[in-house]
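Written out below as structure tokens is the structure these notes cover.
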Amino acid sequence: MSIILAIESSCDDTSAAIIKDGVVCSNIVYTQKIHEEFGGVVPELASRNHEKNIVVTVEKAIVAAGVSIQDIEAVAFTRGPGLIGSLLVGVCFAKSFALAHNLPLIEVNHMQAHVLSPFIENRDIEFPLICMVVSGGHTQLVYMKDYLDMEIIGSTIDDAAGEAFDKAAKMLGLDYPGGPLVDKWAKEGNPNAFTFAKPRMDAFDYSFSGIKTSILYFLQKQKQQNPNFIQENLADLCASIQHAIVEILIDKLKLSIKEYNVKSVSLAGGVSANSELRKRFVETVTSMQAKAYVPAFQYCTDNAGMIAVAAYFKYKKGLFSTQSVEPLVKNYAI
Ligand code: KG4
Ligand code: ZN
């Protein structure tokens with residue numbers, strides 16, 4: 001029997017979850033709305049908001065899971081990568097909670113947790129597996145031999161896919177985070193209305209800065225001829241931009257499935273909530289005779305449920321941290 005409290009605070013979501021014998025029993029996510037008016041995450045505001053909300057978020061997770069503080073056997077937290085101020089709130093809270101209740105600590109790598117998110121609700125997996133992780137800060141292809149045995153085989157050399165969605169959305173005058181809004185508008189538009197430059201990259205690496213520049217120049221040119229171009233073509237623009245980003249992702253995915261000859265393929269990270277990506281991912285993987293795993297919607301964007309599942313696998317292996325553990329801003333080897 002194991003009951004673990006998990007905390008996520010790497011960016012602008014304050015989240016807490018309880019996992020009981022490998023089953024996520026609660027997952028409370030408080031998404032900070034304050035950043036919307038600034039068109040992006042303001043680090044100082046994010047850490048202050050985490051401080052304000054972490055206690056009540058943890059309390060809610062404990063109550064929703066129907067457990068008491070005395071039942072908790074370990075405390076897990078996101079060590080990094082992320083914003084230093086945001087990470088510090090979660091790390092300090094977890095350390096204090098563990099000290100006060102004499103509990104072991106489990107540090108979790110945020111990217112590793114994203115990779116494990118499709119397996120919160122489905123553990124019927126045949127390894128090896130390739131996971132495509134597409135978030136706001138990272139875009140990676142990960143080769144997995146087991147739940148905790150993973151190796152990065154490709155990643156973006158510049159912007160992440162989520163960043164490309166958000167930056168394109170900003171150029172279209174949409175709010176932050178723009179990814180979900182592009183997805184919404186794209187439903188009404190024609191994905192082949194406009195075409196944007198596709199990068200030529202070696203092996204399994206991605207690049208999204210070229211498409212961003214291509215969109216910027218295209219919009220500047222069109223607006224010179226018609227100042228209302230964006231408003232008049234918003235749905236077609238969103239559908240075409242989304243289609244272009246998804247194409248880049250799917251091309252590399254296909255290449256990696258072929259090269260590594262895997263029978264299981266998963267999708268993870270905030271952008272895995274995108275409707276076209278989810279559809280194309282499942283179609284592509286299935287057509288290549290492999291099994292597709294996608295996370296449930298509530299586990300796509302940042303959440304403590306995924307931290308909890310990573311912590312559960314580490315708990316089973318006795319992988320604990322000491323009180324001297326510190327947050328790490330940059331991605332680090334797992
Ligand atoms: O994984 P995540 O919550 O945070 C990071 O660790 O970065 O990912 C957030 C990213 C944002 O860039 C957001 O725009 C994107 O995921 N996103 C989406 C959708 N939902 C979230 N992008 C496209 N379509 C969506 N439906
Ligand atoms: Zn994330």
Side-chain angles (χ1 to χ4, degrees), residues 6-15 17 27 29-33 35-36 39-41 43 46 77-83 86-87 90 108-118 120 131-140 142 155-156 159-172 174-187 189 191 208 211-212 238-250 267-281 294-307 309-310 328-331:
I7 291 155
E8 155 64 30
S9 73
S10 64
C11 190
D12 58 343
D13 295 291
T14 317
S15 182
N27 179 42
V29 184
Y30 168 77
T31 301
Q32 304 173 359
K33 295 279 173 221
H35 308 285
E36 277 175 14
V41 178
F77 60 93
T78 303
R79 184 179 182 194
L83 300 169
S86 293
L87 288 168
V108 172
N109 177 306
H110 182 85
M111 296 314 294
Q112 184 173 36
H114 270 304
V115 172
L116 294 173
S117 64
I120 292 176
C131 177
M132 184 163 70
V133 202
V134 254
S135 77
H138 299 85
T139 301
Q140 296 172 340
V142 178
S155 54
T156 178
D159 290 351
E163 216 173 335
F165 268 108
D166 295 339
K167 286 179 177 169
K170 202 169 181 176
M171 292 180 217
L172 299 176
L174 300 174
D175 283 343
Y176 178 87
L181 297 171
V182 172
D183 192 356
K184 199 172 136 210
W185 277 98
K187 292 195 168 71
F208 290 97
I211 187 169
K212 178 188 67 187
C238 287
S240 302
I241 290 167
Q242 175 172 284
H243 184 69
I245 297 173
V246 170
E247 279 292 302
I248 297 172
L249 291 168
I250 295 291
L267 182 66
V271 184
S272 65
N274 182 268
S275 50
E276 185 180 341
L277 180 60
R278 285 171 91 89
K279 188 169 155 268
R280 290 288 308 283
F281 175 84
V294 286
F297 272 111
Q298 72 265 33
Y299 301 124
C300 289
T301 45
D302 291 349
N303 67 90
M306 68 184 194
I307 307 301
V309 81
L328 293 173
V329 172
K330 292 221 163 79
N331 202 9

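Since the structure is predicted, the reported quantities are computational estimates derived from the model, not experimental observations. Each ligand, and each atom within it, is numbered from 1 in the order the structure gives.
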Look only at interatomic distance and state if His114 has a nitrogen or oxygen under 3.5 Å from any nitrogen or oxygen of ligand 1.
yes

Donor-acceptor pair, Arg79 side chain versus Leu87 backbone, under 3.5 Å?
no

Between Gly137 and ligand 1, is there a nitrogen or oxygen pair with a distance under 3.5 Å?
yes

Would a distance-only check, ignoring hydrogens and angles, find a side-chain to backbone donor-acceptor pair under 3.5 Å from Asn27 to Gly305?
yes

The Zn ion (ligand 2) - name of the N/O/S atom of Asp302 that sits closest to it
OD1

Nitrogen or oxygen atoms of Asn274 and ligand 1 under 3.5 Å apart:
yes

When only distance counts, is Gly136 in polar contact with ligand 1, meaning an N/O pair under 3.5 Å?
yes

Quick check: does any side chain N or O of Asp166 sit under 3.5 Å from a backbone N or O of Gly179, one acting as donor and the other as acceptor?
yes

Counting heavy atoms only, which of Gly82, Gly179, Gly270 is nearest atom 22 (N) of ligand 1?
Gly179

Under a 4.0 angstrom heavy-atom cut-off, which atoms of ligand 1 come close to His110?
6 (O)

With the threshold set at 4.0 Å, does a side-chain nitrogen-carboxylate oxygen contact exist between Asp183 and Lys187?
yes

Below 2.8 Å, any N, O or S contact between His110 and the Zn ion (ligand 2)?
yes

Under 4.0 Å from ligand 1, counting heavy atoms only, is it the side chain of Gln242, its backbone, both or neither?
neither

Counting backbone and side-chain atoms alike, does Cys11 have an N/O/S atom under 2.8 Å from the Zn ion (ligand 2)?
no

Is any N or O atom of Gly269, backbone or side chain, closer than 3.5 Å to an N or O atom of ligand 1?
no

So, regarding Ser275 and ligand 1 (criterion: nitrogen or oxygen to nitrogen or oxygen, under 3.5 Å), is there a contact or not?
no

Evaluating non-hydrogen atoms only, which member of Asp302, Asp166, Ile245 is closest to atom 4 (O) of ligand 1?
Asp302

